[in-house]
Amino acid sequence: MSTEQRGTEGPDRGPAIELRRASKSFRTPSGALHTAVRDLDLTVGRGEFVAVVGPTGCGKSTTLTLVSGLEEPTDGEVLVAGEPVDGIGDKVGFVFQQDAVFPWRTVLSNVMAGPRFRGASKTEARERARAWLARVGLASFEDRYPHQLSGGQRKRVALAATFVNDPEILLMDEPFSALDVQTRALMSDELLDLWSGTGSSVVFVTHDLEESIALADRVVVMTAGPATVKRVFDIDLPRPRKVESIRLEPRFIEIYREIWESLGEEVRITRERGAADVA
């Protein structure tokens, strides 16, 4: 695997992301204190693709919001490129589960919005947007509106609108979960193709263990909430990858069984807690 994709730090380049004993607590509507993540230690290398899996509601999405600057940690530290996170920075791109596109803008205008906001001229923004729309196969759809697109096409618009800003960090919160199985596999391949060679570091939250293994360099298993890192698994599958074919490899199945042994225990704990609460 190339260093552009895997990310090696070297003596002068630290990790892209560091969470050091990071915790986040919220006040619930009843006034009680809810801790989403506790004492979270996680490092993501430059150019590395890290997937995060864990039980429902354990705090995976909160981890992303801490890295993005949308939330501040209650305790601990969060650093991006060696600097403490202080609000939303221009180094980070965020792809949400729901389509984060402007419904009143055309496809081209949606993708132009980021560069224009960052000071690019209209001509430059248009050129960059058209280049990325061509990369995601939507060059002939630039005058359409989001409601005129399929779910997969809208997700391609969201990816183009993110990558056009050249993010150093790409945070993805279950971005393909609303898509059908076939489209989801195609979008996973699309993501790997777009990411390849960019040097961006990716943190990808998903409930789909197969998806995490097919995409990532490492898979992080989170504990039942309040979440912390239980275990990190290196994914020693060669790149480049095609999602549907890599899932058939014997090594893929071995990795799946190994990770599920760790993840399944946390899923059971979460279910037992839910049953106890109902009782």
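Atoms considered below: every heavy atom in the structure, side chains included; atoms not considered: hydrogens, waters and symmetry mates. Residue indices begin at 1 and follow the sequence shown.
Salt bridge R231/E258: present, at least one basic N to carboxylate O contact under 4.0 Å. Between R247 and E244 there is a salt bridge, since a side-chain N of the basic residue sits under 4.0 Å from a carboxylate O of the acidic one. Salt-bridge check for D236 with R251: passed, with a basic side-chain N closer than 4.0 Å to an acidic carboxylate O. Ion pairing between a basic and an acidic side chain is recognised when a charged N comes within 4.0 Å of a carboxylate O; E77 and R21 show no such pairing.
Between F49 and W195, the ring planes lie perpendicular to each other; the angle is over 60°, past the 30° to 60° tilted range.
Annotation: E72, atom CD; neighbour count of heavy atoms from other residues, nucleotides and ligands within 6.0 Å does not exceed 12. In R38, the CZ atom is not crowded: 12 or fewer heavy atoms of neighbouring residues, nucleotides or ligands sit closer than 6.0 Å. Under a cut-off of 6.0 angstrom, the local environment of CG in D86 is sparse, with at most 12 non-hydrogen atoms contributed by other residues, nucleotides or ligands.
Listed for the E83 side chain is no donor-acceptor partner under 3.5 Å among the backbone atoms of V80. A donor-acceptor contact shorter than 3.5 Å links the side chain of K60 to the backbone of G54. Between the E249 side chain and the I246 main chain, no donor and acceptor come within less than 3.5 Å of each other. Although no hydrogens or angles enter the test, the distance criterion places no donor-acceptor pair under 3.5 Å between the side chain of R271 and the main chain of E266.
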Would you check, one step at a time, whether the test side chain to side chain donor-acceptor pair (under 3.5 Å) holds for D193 with S196?
CA-CA 5 Å; D193 288 341; S196 176; over 6 Å; no
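F141 and Y145 fall into different hydrophobic clusters, where Ile, Leu, Val, Met, Phe, Trp and Tyr side chains are chained together by heavy-atom contacts under 4.5 Å.
Taking the ring centre of W132 as origin, the terminal cationic atom of R135 falls inside the region bounded by 6.0 Å and 45° from the ring axis.
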